[in-house]
K.L.:
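Structure incoming, see below.
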Amino acid sequence: NAGVTQTPKFRILKIGQSMTLQCTQDMNHNYMYWYRQDPGMGLKLIYYSVGAGITDKGEVPNGYNVSRSTTEDFPLRLELAAPSQTSVYFCASSYGTGDYGYTFGSGTRLTVV
Amino acid sequence: QKEVEQNSGPLSVPEGAIASLNCTYSDRGSQSFFWYRQYSGKSPELIMSIYSNGDKEDGRFTAQLNKASQYVSLLIRDSQPSDSATYLCAVFAGGTSYGKLTFGQGTILTVHP
């Protein structure tokens with residue numbers, strides 16, 4: 001069982017470039033989440049999804065976009081990268097009832113220069 | 001804005017001592033509470049969950065919840081250098097939160113030999 005798989009692990013982008021962070025889970029979880037983690041700031045929710053075809057904004061959605069065409073995949077799209085998007089990005093999944101917490105992916109460390 | 005607050009530390013304890021990590025939350029209706037451990041450069045790992053007032057013990061870890069005071073804590077007994085990590089408190093508000101967790105900023109724990 002792979003759990004939650006994120007790719008790539010590291011990436012350097014130039015200002016204005018775009019990229020997609022991939023996230024796949026094999027636990028048949030309906031609920032998936034994208035967080036960013038900045039030093040000393042904890043985890044901030046970017047977007048979340050409660051099932052295929054259903055997504056919604058979190059606390060810090062500006063500059064990002066998501067899609068959810070299948071239960072397994074929840075990619076995060078960065079358009080027109082800015083230095084403020086330099087961060088570590090974590091994808092997570094859960095049963096969604098709030099009783100079991102999350103399973104996290106290994107993270108993507110993104111630097112925008 | 002639902003908030004979760006932690007003392008960012010760093011908290012330094014000698015090996016074998018009890019480490020006490022604290023967390024307060026603003027939403028009185030919160031239902032589920034989690035402690036995650038995060039080693040440097042790694043993703044958060046769930047170590048404890050607690051849902052009812054009182055104590056919950058799992059090996060060297062004890063989670064304590066006081067809903068009246070909106071306070072949750074994690075005690076680590078017989079602390080080991082391998083416990084050195086950032087500890088994240090996370091809260092599930094319940095209701096229509098779609099399983100979303102709100103995280104504190106994390107407490108850095110250092111256990112010195």
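Reminder, nothing fancy here: chain letters follow the sequence lines and each chain counts from 1.
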K.L.:
Please report the closest heavy-atom contact between Lys42(B) and Phe90(A), naming both atoms and the distance.
P.N.:
O-CZ, 3.8 Å

K.L.:
Side chain, backbone, both or neither: which part of Phe33(B) has a heavy atom under 4.5 Å from chain A?
P.N.:
neither

K.L.:
So, the side chain of Ser43(B) versus the backbone of Gly107(A): is there a donor-acceptor pair under 3.5 Å, distance only?
P.N.:
no

K.L.:
Taking Met19(A) as the starting point, is it possible to reach Tyr47(A) by hopping between hydrophobic residues whose side chains are less than 4.5 Å apart?
P.N.:
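Shared cluster, yes.
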
K.L.:
Looking at every non-hydrogen atom in both residues, tell me the closest pair between Pro44(B) and Leu43(A) and how far apart they are.
P.N.:
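Looking at all heavy atoms of both residues, the closest pair is CG-CD1, 4.2 Å.
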
K.L.:
Using a 6.0 Å cut-off, check whether atom CD1 of Ile15(A) has over 12 heavy atoms from anything other than its own residue.
P.N.:
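Atom CD1 in Ile15(A) is crowded, with more than 12 foreign heavy atoms closer than 6.0 Å.
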
K.L.:
Is there side-chain contact between Phe104(A) and Gln38(B), with heavy atoms separated by less than 4.5 Å?
P.N.:
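A side-chain contact under 4.5 Å is absent here.
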
K.L.:
Given a strict heavy-atom distance threshold of 4.5 Å, which part of Gln6(A) is in contact with chain B: side chain, backbone, both, or neither?
P.N.:
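Neither part; nothing is under 4.5 Å.
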
K.L.:
Check the hydrophobic clustering (I, L, V, M, F, W, Y; side-chain heavy atoms under 4.5 Å; chains of links allowed) and say if Leu13(A) and Val60(A) are grouped together.
P.N.:
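They do share one cluster, since a chain of ILVMFWY contacts under 4.5 Å joins Leu13(A) to Val60(A).
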
K.L.:
Counting heavy atoms not belonging to Tyr95(A), are there more than 12 under 6.0 Å from its OH?
P.N.:
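No, OH of Tyr95(A) has 12 or fewer neighbouring heavy atoms, counting only those of other groups under 6.0 Å.
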
K.L.:
With a 4.5 angstrom heavy-atom cut-off, which part of Leu45(A) approaches chain B: side chain, backbone, both or neither?
P.N.:
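The side chain, not the backbone.
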
K.L.:
Between Lys100(B), Gln31(B), Gln105(B), who has the most heavy-atom pairs with chain A when the cutoff is under 4.5 Å?
P.N.:
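Going by pairs under 4.5 Å, I would pick Lys100(B).
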
K.L.:
Following the transitive rule for hydrophobic clusters with a side-chain heavy-atom cut-off under 4.5 Å over Ile, Leu, Val, Met, Phe, Trp and Tyr, establish whether Val72(B) and Leu75(B) coincide in one cluster.
P.N.:
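No.
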
K.L.:
According to a hydrophobic-cluster definition based on side-chain heavy atoms being under 4.5 Å apart (Ile, Leu, Val, Met, Phe, Trp, Tyr only), do Tyr31(A) and Ile46(A) belong together?
P.N.:
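Looking at the clustering, Ile46(A) is in a separate group from Tyr31(A).
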
K.L.:
Classify the ring geometry of Phe103(B) against Tyr102(A): parallel below 30°, tilted from 30° to 60°, perpendicular beyond 60°.
P.N.:
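Geometry flag for Tyr102(A) against Phe103(B): tilted rings.
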
K.L.:
Any chain of hydrophobic side-chain contacts (each under 4.5 Å) joining Leu101(B) to Met32(A)?
P.N.:
no

